[in-house]
Amino acid sequence: MADKAIRVPVEYFIDRFWPIPHASGPPPIPTHNPFAEVGRLDPKTATEDEYSAAFIEALESSNDTLTPGMKARRCCHKKDEGGTTMRVDGAIYRSDNIDAPVPDDNRPHYADQIVAIEFKRSKLFDPFSDKGDPCPESIKRRDVRGQISSYAENALSTQRRVGLFMLVVIGRRCRLTRWDRSGVVFTVSFDYCDDWQLFCQVLWRMSQCSDEQLGFDPTARRIYPSDPLYKVMDDEAEPRESDVDHQERDLGPNELPPGQPFVFRYVREKFRESLSNGAPRYLLDVPDGNTIRQYLVGRAAFIAKGMAGRGTQGFAALDRETKQLAWLKDCWRADYALVEHEGDILRELNKAGVPNIPTLICYGDIPNQKTVTPEVWRWAQKEWVNDPTIDLAIRIPESLSTTQAREELAKTLQASKQHVPGDLQSTTDGTGNASQVLFDKDCPLRLHQHARIVVKEIGLPLKDFETGGQLLYVVGGCLGAHYIAATLPEPISRIHRDISSNNILIVPMVNDNGAGIRSLVWNGLLCDWELSKRIKSTAISPRQPVRSGTWQYMSVALLDYHDKVVEICDELEAFLHVIVYHAVRYLDSNLTKGEVGQFIEEYFDQFRCYNGVWHCGERKRNVLQWGALMTGTGKTIEFDSPMDAVLKKLLPWFQGNYIVQKYNASVAAKPPPSSPTLTRPSLTRPPLPPKAVVSYFAPCVAFNRKRARSESPRADVDQPRVADPVSNAPIQVPSKSDVDNAQQVQTHDAFIELLLDVDPKTWPDDHARPGDRYPTATEHGTRYIRRGKTGNQYAYVGELVKRKERSSKARAQKRRRVEGSQGPGADVDFESSSELSPESEDSFEE
């Protein structure tokens, strides 16, 4: 969050977010200082617990004059039942909500909080600064910043919110903060003991705000036990005799007849689990053209990590009218002119008949719900205040088709260019046509729009696979979906650009081999097409300020060259990394548990800082350079199963690809360009075979192999490509074998053919997955990796070991300070921030 924090004056903050209600008179001002007792505490000896107790007591003793209609409570002593272990110090609750009475059990009750309060005893623990860098880099202050960021992240995940307000109280000083998916706005600190009249006005204004003004989503209605819909959800969550077992098997003649609706047992179980342990329930509005559909949801089954970003959450949802279960995705999509809505993408792909992707039901943007932190950033720059000609993005009319929209956008950009200052101007592709997205290059914050999308399928996570053959089968189904989407006729062909384990799901489906034999098989579902891009895109420069992809599964080339164009070979490499991750972690091998944990951390989470820029870590790079799956000690990883043959075939292909790339770059007249011009493969898809020859393998990839290999053109691997920017290995002249291997990853053909040869039914019975082999903290121990500013030192993505050690010491110190008054174990969890490293789902966006 270090580059996503905006400092503003207190007056601007309260005028912008908590304005004085028109119907109210002047705020009542107490006749005496309600925070006088807080001011009498000795700042040298007073503890955080003493400050929080005195502060909350001051609010409670005001007889509702400071925060009418609200009550403040301390809530750091116990964790929520069935919820997170995080405990914010205090919170403000509505006192007039009979369905959610003000708690008195010292638990946070995150679902009911209106405004959170976090206390620190001195400026040494102030997460922000009033001068200079808004986010100081001292260890203690950075840890606190990570802590409150995690509290904000948890609140936005538990409640249905547009933004979150939090008071950060540091001794006798206070900051007001507002968090959304773009970042955080915070005020300069003020002494609320001396400036108590100002603070009383702040608190009164806050209490006069509606729930919507305080950041709650008006399109999400809380469902309490007194609501009839609460019982409807309970009834629909109960198991039914008609629910179908989802395990793979051959089907009987009358089992699961075509056209007859049914619900898989695991789907109803997911919905039932979402309602357990008192999870808050909501009725969500989802746009569906000119109408609104409503879905009932409980706890999210999937929550993307990170405070800033898309904030994706997935729910097993119940249609209020039809009582059908579906998957509801709630996210904050990047809101730029040429970034397509995932609903538009799925609708187009569904219409084109792409299999093994989600089936769209309804979708749309939530009106009037965009992140406001970028707007505050612009105000803080003092450049475009009161300039009505500037907008963060030019909107594409919904009535236009994609092609028409782009043409219309180009005309709009040209017509408005004289009104757009500096970096907001569009550039052209040399033909006079506008080709660049309209966004502010200088703004470190992304603009996000709240959106919801509902699809038919509720899948199982990829980690639930049962054998290595099943893993390859499921990945192959998604690879086939990717292949068909990439080889659709122009201009609708596209690539996914975010292949990761979270975006590959398992979906049971009925497979008919055409000979009257029907089976229930676990197939792959390639989801989350939000970051996909047309292969023949009209935009030759980025569509938004940052790039797309999940760090752990991105190709070496993309990690080293952040402005490289995503190609088929990069996508295929991401599929390889998904296979490697799940094979090493969940299949039996010659590695010990400790070696499994170390390899996964080094291969997937390690990164390198080179001249201040993040690059690929050493282990992933070395595996692809060697063309063999080896640990850092040189031990070859073996599974004693058909998985060995698959990986021994795949890895040399990518090894050859990088050898050819590096050699071509080395013989060029100039060093590797920072923004290379790459030749994309020309992709054509041979016609699919008749249904009679569809194999047990995923239907979308069961095609005629000979025609696929002979008719699908490949990329010209002799074109100069990106080289490894940080490897000191000598340049290797590609052999014929290297060139042949490189050719295999320029299109999908060879990869798909390789997976077609794997039949899950023939996978050895004694090689079923033994379970999660990633070691626990006790088994794995602590391993430190040197990190620094030079290019020769490495670190892990989300490197937390040293910070966790510091946090443990801080917790121990805090326990010693507060044990006398609160009892043992009443510590505050320090959650690590993600500032040091590439982040999870939103590391890059293009």
Side-chain angles (χ1 to χ4, degrees), residues 80-84 111 157-158 223 225 229-249 251 255-256 260-284 286 294-304 312-330 356 358-359 361 453-467 470-471 473-474 477 501-511 519-525 527-528 582 586 768-769 771-772:
D80 271 345
E81 294 181 354
T84 177
S157 300
T158 303
I223 303 298
L229 290 177
Y230 196 94
K231 186 176 186 305
V232 170
M233 298 178 74
D234 284 339
D235 292 342
E236 293 297 325
E238 287 299 313
R240 311 278 177 88
E241 289 186 4
S242 59
D243 291 345
V244 176
D245 180 27
H246 63 279
Q247 293 300 317
E248 290 190 310
R249 62 187 184 278
L251 297 176
E255 190 175 4
L256 303 183
Q260 179 176 322
F262 60 87
V263 176
F264 283 116
R265 190 173 300 155
Y266 80 89
V267 170
R268 200 175 302 277
E269 287 175 356
K270 278 184 176 290
F271 184 66
R272 184 164 61 253
E273 289 171 4
S274 73
L275 309 181
S276 62
N277 296 322
R281 306 181 187 188
Y282 290 90
L283 179 66
L284 304 182
V286 181
Q294 293 184 315
Y295 287 85
L296 294 159
V297 302
R299 182 188 299 107
F302 171 81
I303 300 176
T312 303
Q313 298 185 56
F315 301 85
L318 179 70
D319 189 309
R320 180 180 182 179
E321 298 298 326
T322 67
K323 302 301 185 292
Q324 297 296 312
L325 291 170
W327 184 256
L328 188 151
K329 176 181 175 180
D330 185 287
N356 294 355
T359 304
I361 295 178
I453 179 171
V454 180
V455 297
K456 178 181 177 181
E457 295 82 4
I458 299 179
L460 295 164
L462 182 57
K463 65 182 180 65
D464 284 357
F465 74 92
E466 296 178 342
T467 68
Q470 198 176 65
L471 168 65
Y473 183 91
V474 170
S501 60
N502 285 335
N503 293 337
I504 295 178
L505 300 178
I506 298 173
V507 176
M509 62 171 291
V510 177
N511 182 47
S519 303
L520 189 66
V521 299
W522 284 14
N523 198 13
L525 189 80
C527 61
D528 199 358
H582 289 80
Y586 296 107
R769 53 170 286 175
D772 190 349

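Since the model is a prediction, treat every value here as computed from it, not as a measurement.
Closest non-hydrogen pair, Q313 versus A300, comes out as OE1-CB, 3.6 Å. Nearest heavy atom pair, residue I303 against residue S157, reads CG2-OG, 3.5 Å. Looking at every heavy atom in both residues, A316 comes nearest to S274 through O-OG, 4.5 Å. The two residues G298 and L275 have their closest heavy-atom pair at CA-CD2, 4.0 Å. The two atoms that bring R299 and S276 nearest to each other are NH2-O, 2.7 Å, heavy atoms only. The two residues G459 and K270 make their nearest non-hydrogen contact at O-CE, 3.3 Å.
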| task | Under the side-chain contact (heavy atoms from CB on, under 4.5 Å) rule, what do E236 and L296 come out as? Steps first, then yes or no, please. | result | CA-CA 11 Å; E236 293 297 325; L296 294 159; over 6 Å; no

| task | Show the numbers, then the answer: is there a side-chain contact (heavy atoms from CB on, under 4.5 Å) between V521 and M509? | result | CA-CA 6 Å; V521 299; M509 62 171 291; 3.9 Å; yes

| query | What's the verdict on side-chain contact (heavy atoms from CB on, under 4.5 Å) for D528 and N502, showing C-alpha distance, side-chain angles and the deciding distance? | reply | CA-CA 9 Å; D528 199 358; N502 285 335; over 6 Å; no

| task | Begin from the C-alpha positions of L462 and L471 and carry the test side-chain contact (heavy atoms from CB on, under 4.5 Å) through to its verdict. | result | CA-CA 8 Å; L462 182 57; L471 168 65; 4.0 Å; yes

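Every residue two or more places apart in sequence or in another chain was checked for a side chain to side chain donor-acceptor pair (under 3.5 Å) with K323, and none qualifies. Under the salt bridge (charged side-chain N to carboxylate O under 4.0 Å, His left out) criterion, E255 pairs with R249, sequence neighbours left out. R281 pairs by the salt bridge (charged side-chain N to carboxylate O under 4.0 Å, His left out) definition with D234, not counting sequence neighbours. In this structure, the salt bridge (charged side-chain N to carboxylate O under 4.0 Å, His left out) partners of D319, at least two apart in sequence or on a different chain, are R293. For D80, the side chain to side chain donor-acceptor pair (under 3.5 Å) criterion is met by no residue, not counting sequence neighbours. In this structure E273 satisfies the side chain to side chain contact (heavy atoms under 4.5 Å, CB included) test with no other residue, sequence neighbours excluded. Remark: F262 pairs with F264 by the ring pair (Phe, Tyr, Trp, His ring centres under 6.0 Å) rule, at least two apart or across chains. Partners of D772 according to the side chain to side chain contact (heavy atoms under 4.5 Å, CB included) rule, which considers only residues two or more places apart in sequence or in another chain, are R585, Y586, Y774. Judged as a side chain to side chain donor-acceptor pair (under 3.5 Å), and not counting sequence neighbours, the contacts of R268 are D243. Among residues two or more places apart in sequence or in another chain, the salt bridge (charged side-chain N to carboxylate O under 4.0 Å, His left out) test is passed with R265 by none. With sequence neighbours left out, the side chain to side chain contact (heavy atoms under 4.5 Å, CB included) criterion links A301 to W327. Not counting sequence neighbours, the partners of K456 by the side chain to side chain contact (heavy atoms under 4.5 Å, CB included) test are T359, I361.
Residues F465 and V474 fail the side-chain proximity criterion, which asks for heavy atoms closer than 4.5 Å. Contact of the P358 side chain with the L525 side chain is registered, since non-hydrogen atoms from C-beta on lie closer than 4.5 Å.
A distance of 4.5 Å separates CD in E248 from CD in Q470, rounded to the nearest 0.5 Å. Note that the CD1 atom of I506 and the NE2 atom of H246 stand 9.0 Å from one another [nearest 0.5 Å]. Annotation: the span from N356 atom CG to L505 atom CG amounts to 11.5 Å, rounded to 0.5 Å. The distance from the CZ atom of R320 to the OH atom of Y295 is 13.0 Å, given to the nearest 0.5 Å. Considering SG of C527 and NZ of K329, their distance stands at 7.5 Å, rounded to 0.5 Å. Between the CG atom of L328 and the CD1 atom of I458 there is a distance of 10.0 Å, given to the nearest 0.5 Å.
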